[in-house]
Amino acid sequence: MNRVLVCGAGGFIGSHLVTFLKNEGYYVRGVDLKYPEFSESTADEFIIGDLRDPVLVASLLEDHIDEVYQLAADMGGAGYLFTGDNDADVMHNSAMINLNLLHASVKAGVKTIFYSSSACIYPEYNQLDPNNPNCAEDSAYPAEPDSEYGWEKLFSERLYASFMRNHGIDVKVARFHNVFGPEGTYDGGKEKVPAALARKVVQAKNLDEIEVWGDGEQTRSFLYIDDCIDAIYKLVKSDFNGPVNIGSEFLISINDLAKLYINISGKSLKIKHIEGPQGVRGRTSDNKLIFEKLSWEPQLTLEEGLTKTYNWIVEQVNVNQNESLLVSS
Ligand code: NAD
């Protein structure tokens with residue numbers, strides 16, 4: 001039985017990946033600072049630990065691990081990454097994790113390591129036109145990410161590539177574009193736009209206003225979690241190393257995303273624009289390379305994915321409301 005380590009196994013994508021790998025028959029060791037927030041982990045072992053600690057990282061790989069899936073990072077949505085307030089933590093913490101993991105993986109003889117980079121590495125100058133952004137893999141240089149989060153990801157991509165070159169470890173690098181779905185953070189400040197908007201719509205009463213940061217004309221594309229997991233696994237099982245985009249090419253403005261949620265809810269709601277961090281003006285995945293190398297493309301439509309996410313957030317909000325009713329009664 002192949003043995004794998006999933007780093008960031010308590011996070012959104014990591015916890016879904018653990019479940020997928022268990023279903024595929026792997027022995028899964030998960031590690032994170034915390035357990036998954038919304039359901040029990042299905043990992044064979046779940047270690048609560050800090051990947052900035054090199055001693056812990058070495059111990060995780062001591063007894064033979066074939067593959068490492070590296071999803072741990074200090075990250076959040078625009079409210080966390082684009083205000084500048086968390087830059088030192090974001091760069092320091094994530095770089096430490098990647099430095100430790102690569103060093104220990106080579107030492108322990110790990111065959112393959114998957115690294116989750118981000119669309120945030122792409123240069124801002126190619127993402128000024130909301131209707132025509134360029135995020136083809138070969139457009140990454142000359143580099144000009146619009147956040148320190150993007151710069152750290154780019155540094156780490158290069159770190160992984162140099163370890164493959166100099167130490168022979170098989171490295172797979174994916175650049176995720178806005179992955180969303182059930183069991184992702186939806187409040188507290190680290191939530192990303194598809195979860196934040198769903199929560200606002202769920203909590204609004206009929207005829208209320210919901211708030212959108214900026215003018216809402218900024219564009220993005222969104223990938224449902226199951227499609228993301230499928231692409232990660234195809235990449236790891238292929239002989240292609242990347243970096244490669246894992247995302248959707250369906251470009252939509254944040255206003256239109258909010259309208260889709262409003263339609264799903266059946267409520268009549270208005271959008272109110274307020275000041276807030278927005279990131280680049282336009283961004284979408286370019287899937288030519290992943291289709292050519294892995295014959296992969298997303299299977300779910302945006303509306304199908306949003307409906308599943310909306311329904312899950314309805315359940316969460318109801319549970320929380322019932323709990324607060326119980327406490328106050
Ligand atoms: P997430 O925040 O839900 O998961 C990351 C996990 O890493 C968290 O559970 C966190 O506790 C853990 N972690 C952070 N620091 C740690 C440390 N020092 N030691 C141990 N664990 C630590 O994020 P996610 O959405 O699941 O993203 C997974 C990866 O994909 C991240 O590397 C992220 O940068 C990348 N990514 C995600 C998206 C997206 O849309 N979700 C887009 C681009 C890139």
Side-chain angles (χ1 to χ4, degrees), residues 2-8 13-14 17 31 51-62 64-75 90-123 126 135-145 147-177 231-247 285-294 296:
N2 271 356
R3 293 163 59 86
V4 302
L5 174 69
V6 177
C7 304
I13 302 175
L17 183 63
V31 58
L51 292 161
R52 291 170 301 181
D53 173 1
V55 177
L56 170 91
V57 173
S59 73
L60 292 168
L61 299 169
E62 249 162 21
H64 187 84
I65 290 288
D66 299 289
E67 294 168 358
V68 173
Y69 291 80
Q70 184 350 41
L71 295 115
D74 191 351
M75 76 97 74
V90 165
M91 294 199 89
H92 175 267
N93 294 341
S94 298
M96 288 282 286
I97 294 170
N98 290 314
L99 289 161
N100 286 340
L101 273 167
L102 271 165
H103 176 75
S105 295
V106 166
K107 228 173 151 190
V110 168
K111 285 201 283 285
T112 302
I113 183 161
F114 168 85
Y115 173 57
S116 49
S117 181
S118 165
C120 289
I121 65 99
Y122 286 112
N126 279 334
C135 292
E137 286 82 350
D138 60 6
S139 71
Y141 296 95
E144 197 198 318
S147 65
E148 302 303 353
Y149 169 73
W151 279 107
E152 188 284 324
K153 289 285 187 193
L154 203 55
F155 161 76
S156 288
E157 281 193 6
R158 299 188 72 95
L159 184 71
Y160 280 82
S162 63
F163 267 70
M164 180 162 65
R165 219 165 32 243
N166 295 165
H167 297 294
I169 185 166
D170 184 33
V171 159
K172 312 285 186 185
V173 178
R175 294 173 180 161
F176 295 153
H177 291 245
I232 295 173
Y233 194 62
K234 280 206 163 84
L235 175 60
V236 170
K237 294 298 140 195
S238 76
D239 57 8
F240 180 53
N241 299 104
V244 67
N245 290 327
I246 293 184
S285 187
D286 179 321
N287 286 356
K288 277 184 222 70
L289 186 64
I290 194 163
F291 190 72
E292 180 195 317
K293 297 289 182 187
L294 306 178
W296 176 90

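Only this structure's heavy atoms are used, side chains among them; waters, hydrogens and symmetry mates stay out. Fair warning: this is a prediction, and the values are worked out from it, not measured in the lab.
For the 3.5 Å distance criterion, the side chains of Y160 and N241 fail to qualify, holding no donor opposite an acceptor.
For the pair K172 and S238, the tightest heavy-atom approach, listed with the atom from each and the gap, is NZ-O, 2.8 Å. The shortest non-hydrogen separation linking F155 to A95 is CE2-CB, 4.3 Å. Considering every non-hydrogen atom in both A73 and K153, the closest pair reads CB-NZ, 4.0 Å. Minimum interatomic distance between C120 and P145 (heavy atoms only, all atoms of both residues): O-CB, 3.4 Å. The minimum heavy-atom distance linking H177 with G247 is given by the pair CB-CA, 4.0 Å.
Rounded to the nearest 0.5 angstrom, K288 NZ and K293 NZ are separated by 14.5 Å. Atom-to-atom distance recorded for L159:CG and S162:OG is 5.0 Å, nearest 0.5 angstrom.
Looking at heavy atoms from C-beta onward, L101 lies out of side-chain contact with F163 at the 4.5 angstrom threshold. Side-chain contact between L51 and L60 is present, with heavy atoms from C-beta onward closer than 4.5 Å. Between C7 and Y69 there is no side-chain heavy-atom pair separated by less than 4.5 Å. Under the 4.5 Å side-chain criterion, counting only non-hydrogen atoms from C-beta, Q70 is in contact with I97.
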F240 and K234: CA distance, side-chain angles, deciding distance, side-chain contact (heavy atoms from CB on, under 4.5 Å) verdict: CA-CA 10 Å; F240 180 53; K234 280 206 163 84; over 6 Å; no
Derivation of the side-chain contact (heavy atoms from CB on, under 4.5 Å) call for I13 and F176: CA-CA 11 Å; I13 302 175; F176 295 153; 3.8 Å; yes
Test log, rule side-chain contact (heavy atoms from CB on, under 4.5 Å), inputs N287 and I290: CA-CA 5 Å; N287 286 356; I290 194 163; 3.9 Å; yes
Pair N245-L289, side-chain contact (heavy atoms from CB on, under 4.5 Å): steps then yes or no: CA-CA 8 Å; N245 290 327; L289 186 64; over 6 Å; no
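Listed by chain and number, the residues in a side chain to side chain donor-acceptor pair (under 3.5 Å) with N93 are R52, D74 (sequence neighbours excluded). In this structure E152 satisfies the side chain to side chain donor-acceptor pair (under 3.5 Å) test together with N98, S156, sequence neighbours excluded. S105 pairs by the side-chain contact (heavy atoms from CB on, under 4.5 Å) definition with L61, V68, V110, I113, I169, not counting sequence neighbours. Every residue two or more places apart in sequence or in another chain was checked for a ring-ring contact (aromatic ring centres under 6.0 Å, His included) with H92, and none qualifies. Take K237 and apply the side-chain contact (heavy atoms from CB on, under 4.5 Å) test, not counting sequence neighbours, and it matches Y26, E67, Y233. K107 is linked by a salt bridge (charged side-chain N to carboxylate O under 4.0 Å, His left out) to nothing, counting only residues two or more places apart in sequence or in another chain. Looking at residues two or more places apart in sequence or on another chain, you find a side-chain contact (heavy atoms from CB on, under 4.5 Å) between R3 and Y27, R29, D63, H64, I65, D66. Scored by the side chain to side chain donor-acceptor pair (under 3.5 Å) test, T112 finds D170 as partners (sequence neighbours excluded). For E157, the side-chain contact (heavy atoms from CB on, under 4.5 Å) partners are Y115, S117, I121, L154, V173, R175, P243, not counting sequence neighbours.
Remark: side-chain polar atoms of S139 are paired, donor with acceptor, to backbone N or O of A136 under 3.5 angstrom.
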